[in-house]
Structures are given as C-alpha cells and as structure tokens.
2 protein chains.
Amino acid sequence: MKTKQTDLADSLMERGYRMTPQRELMLSLLGGSDKHLSADKLLMGVRKVYPRVNKSVVYRNLELLTELGLVSCVDFGNGRVEYEVHRHPHHHHLVCRNCRHTIMINSDTFAELQKQLSDHYHFIADMDHLALFGLCHACQTKAQAQQGHHPHPL
Amino acid sequence: MKTKQTDLADSLMERGYRMTPQRELMLSLLGGSDKHLSADKLLMGVRKVYPRVNKSVVYRNLELLTELGLVSCVDFGNGRVEYEVHRHPHHHHLVCRNCRHTIMINSDTFAELQKQLSDHYHFIADMDHLALFGLCHACQTKAQAQQGHHPHPL
DNA sequence: GCCATTAATGCAACTAGTTGCAAAAGCAAC
DNA sequence: GTTGCTTTTGCAACTAGTTGCATTAATGGC
C-alpha cells in the first residue's frame, strides 16, 4: 500500500527537491494528523525523533511545502498560524473573534465573489484556506444580552 | 475649525480613555497621512518629537484604537501590517502575491458573500479592510508568457 | 491647586518567525 | 567508492510584536 507520505515525498522529488529525514518526518506528522498543527507543535514532534532539529528548518520546509501546494497554511489571527496537509481542498474557516471557535465551510460560497473580482478587476484571488473573522451565532446572542455592560468594548 | 485629531481625541475621552501626548501625536500622524503607516514608521514619527517613546506604547495604542474602531489595520501578508485612520469605511485590498501591488475596492462586491454567511452559518463576518491575495492582471500575463521556465514555482 | 485613583508609559525579558552563512548531506557521474 | 555540485541543515544573530511590572502622569473630586 502506498502511503500518503510517499505521495508527498514523490511530489517533492519530482520537482527537484530532496527527501531528507527531517522532511520525511514533518510530512509524516502533518499527514498523520487530521487537524492543523502549529509550527511550534510540529517542531516539538520532529524533535522527539531528531532532538537537534532547528526551528528554521521547520519554518523553511513549511514555506516550501506551502509553495508546492502540498501543505496549506491558515492564519487564524492573533498570531495563530497552523498548517495542514492539503487534502481537503478549497475549504475556508469562519473564526469567531470573541470565542475563537472556527467553522469550516466549503468554497462554493466564494465562487460568486471570485468571479466578480475576476470580471471587474482582472484579479485571480487565491481562494483557498481563507480565514474570515466575525462573530459566531452564540457570541452574537451573548453580545445582545450584555449590551451596555462593557466598560471596554468587545 | 474642528480638526480630525480633535474628533478622534473626543472619541477616546468619551469612552473613558485618556488623551496623552503620545496618543495625540500618534493620532495626528495617522490622521495627517492619507496612506497606511506601519507600526515601525509610526514609532519613528513619534520619536522625532518624543525620542524616548517605547515601541510597546505604539503597539498598545494601535491595538486600542483598532478596538475602538478609530483606526483600521490591514494585513498585507509577508509580515506587512499597516494602520490607517478609519476614514474610508468598508474598503478592501486585493494584494498581488507576486508583485505586491494592491488594488483598493469598495465593499459592495462582498455584500452577497456576507449575506450568505449570515443566512447559512449565522456568522456575522467582519467585512472591513479585508486583504485578499492572488495574482494581478499584469502578473497573470507574465506568468503565462514564462510558463515552464521556472525551476521553482512562483 | 492638591490629592487619590486609575490608566498609560517605559523598560526589560520574552515569543514567533526570518536571514546569512558555514558545515553537512544528498545525488549524479565517473 | 570517490569527486563535485547543489540543496539542506544547524546555528547565531536578527526583526516584529507581546507581556509583566514598577514608575509616571492624566483626570475627577474636593
């Protein structure tokens, strides 16, 4: 059975990059996790096997893998940036700015916007793994209930 | 004549915050510039008058002013974050990931998306000063012309 | 104008991420 | 296996931004 990591490794090699133990492990950690991983968590994981791996390697490899489209990077705001193997293409995240809850949505919702940007501005938007901020339903309700009780606004 | 800075100062005071010389200067620099300012440029400007002002003050005040809706913050990616007085509400930026050129567009284009997110997911998206990445017209043309000549992809 | 309260400032130490460079490792040709 | 070329790594120094804390200063009540 051909594993996902092997697929990823092949994609690297085909484009003239080298497969190193560090990269192999990074891909395996990312591929083995169905959720997002922060650069730091990934570094911790890599260091369990190769304790001397430097953070610059993790950052450089994440950048490369993102460029190659093997990994995608979601910026959740507040300095929270996470990476995932690019396996569920074209989904986006709605991030509540209050409770940080995130909703995953597919990209159909964005198709019309993308068309308009292309028609009106000749701009091809990267519509992948966008994170939009706002207020989720629960926090809207909370905000209404507490209206006027904040010394500092939300 | 009431200046723009005075308006901003009033907004601060009304909400129980204090007007300090540092804040006054920051607001005047932001208000006097019709373009965006990075935190660092703003710090430089403030230090021309008060050389001992610390960067933490600039960052904290930018955060406060953003929370209060007096200033808005645009993340252009690649670590480029800039601030502007919230004077042209509801515009967005299309940022070319190749040449970094930015196009300013108004928010009408996003109204339909906003409605769909609200209807389908009960999510009220913050649709202000969004920055979307992609390829501008010029870079699309360039990319087509050079297709196949990149050892490393764009 | 003076005093108490509380917010804002300056500082130092910190985190996340980036960069330049020398050393090491991968790969291909012989 | 050795040689040579190129990529990748580890390191150290750096930038941008954040945080805790003691000191300073703006504001309101007298």
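Lettering of chains follows the sequences in order, A, B, ..., and the numbering in each one begins at 1.
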- Please lay out, stage by stage, how B/Leu70 and B/Leu64 fare under the test side chain to side chain contact (heavy atoms under 4.5 Å, CB included). CA-CA 9 Å; B/Leu70 301 178; B/Leu64 174 66; over 6 Å; no
- Query: Start at the 5' end of DNA chain D and walk down; is the nucleotide closest to A/Gln22 or to B/Glu63 reached first?
  - Reply: A/Gln22
Between the protein and nucleotides 26-30 of chain C, are there any N/O to N/O pairs under 3.5 Å, and if so, what are the atom names and distances?
from: C/dG26; atom 1: N2; to: A/Arg18; atom 2: NH2; distance (Å): 3.1
from: C/dG26; atom 1: N3; to: A/Arg18; atom 2: NH1; distance (Å): 3.2

- Task: Determine, stepwise, if the pair A/Val46 / A/Met26 fulfils side chain to side chain contact (heavy atoms under 4.5 Å, CB included).
- Result: CA-CA 6 Å; A/Val46 173; A/Met26 280 182 63; 3.7 Å; yes
- Steps toward side chain to side chain contact (heavy atoms under 4.5 Å, CB included) verdict (B/Ile105, A/Phe123): CA-CA 11 Å; B/Ile105 67 174; A/Phe123 186 87; over 6 Å; no
- Task: Would you kindly give the CG-to-P distance between B/Leu12 and C/dA7, to the nearest whole Å?
- Result: 14 Å
- A/Thr66 (side chain) donor-acceptor with A/Leu62 (main chain) under 3.5 angstrom: yes
- Item | B/Asn61 CG - D/dG17 C1' separation (whole Å) | 15 Å
- Query: In whole angstrom, what separates B/Glu82's CD from D/dA16's C1'?
  - Reply: 14 Å
- Message: Whole angstroms only, please: what is the CZ-P distance between B/Arg15 and D/dA26?
- Response: 22 Å
- Item | B/Met104/B/His92 under side chain to side chain contact (heavy atoms under 4.5 Å, CB included): CA gap, chis, key distance, verdict | CA-CA 6 Å; B/Met104 207 182 281; B/His92 306 287; over 6 Å; no
- Query: Does B/Arg47 reach the main-chain N or O of B/Arg52 with its side chain, forming a donor-acceptor pair under 3.5 Å?
  - Reply: no
- Task: Check DNA chain C against residues 45-60 of chain A and give the residues with a non-hydrogen atom under 4.0 Å, in numerical order.
- Result: A/Lys55, A/Ser56, A/Tyr59, A/Arg60
- Message: Output the rounded distance in Å from CG (B/Leu62) to C1' (C/dA8).
- Response: 15 Å
- Message: Against A/Tyr83, only a single residue in A/Val58, A/Leu65, A/Val74, A/Val71 fulfils side-chain contact (heavy atoms from CB on, under 4.5 Å); can you say which?
- Response: A/Val71
- Is any side-chain heavy atom of B/Met19 less than 4.5 Å from a side-chain heavy atom of B/Leu27? yes
- Message: Tell me the interatomic distance from B/Met26, atom CE, to C/dG10, atom P, rounded to whole angstroms.
- Response: 12 Å
- Message: Expressed as a whole number of angstroms, how long is the span from A/Glu67:CD to C/dT18:P?
- Response: 12 Å
- Message: If only side-chain N and O atoms count, and only distance matters, is there a donor-acceptor pair under 3.5 Å linking A/Ser56 with A/Asn54?
- Response: yes
- Taking atom P of D/dG10 as reference, at what distance in whole Å does atom CG of A/Leu43 sit? 10 Å
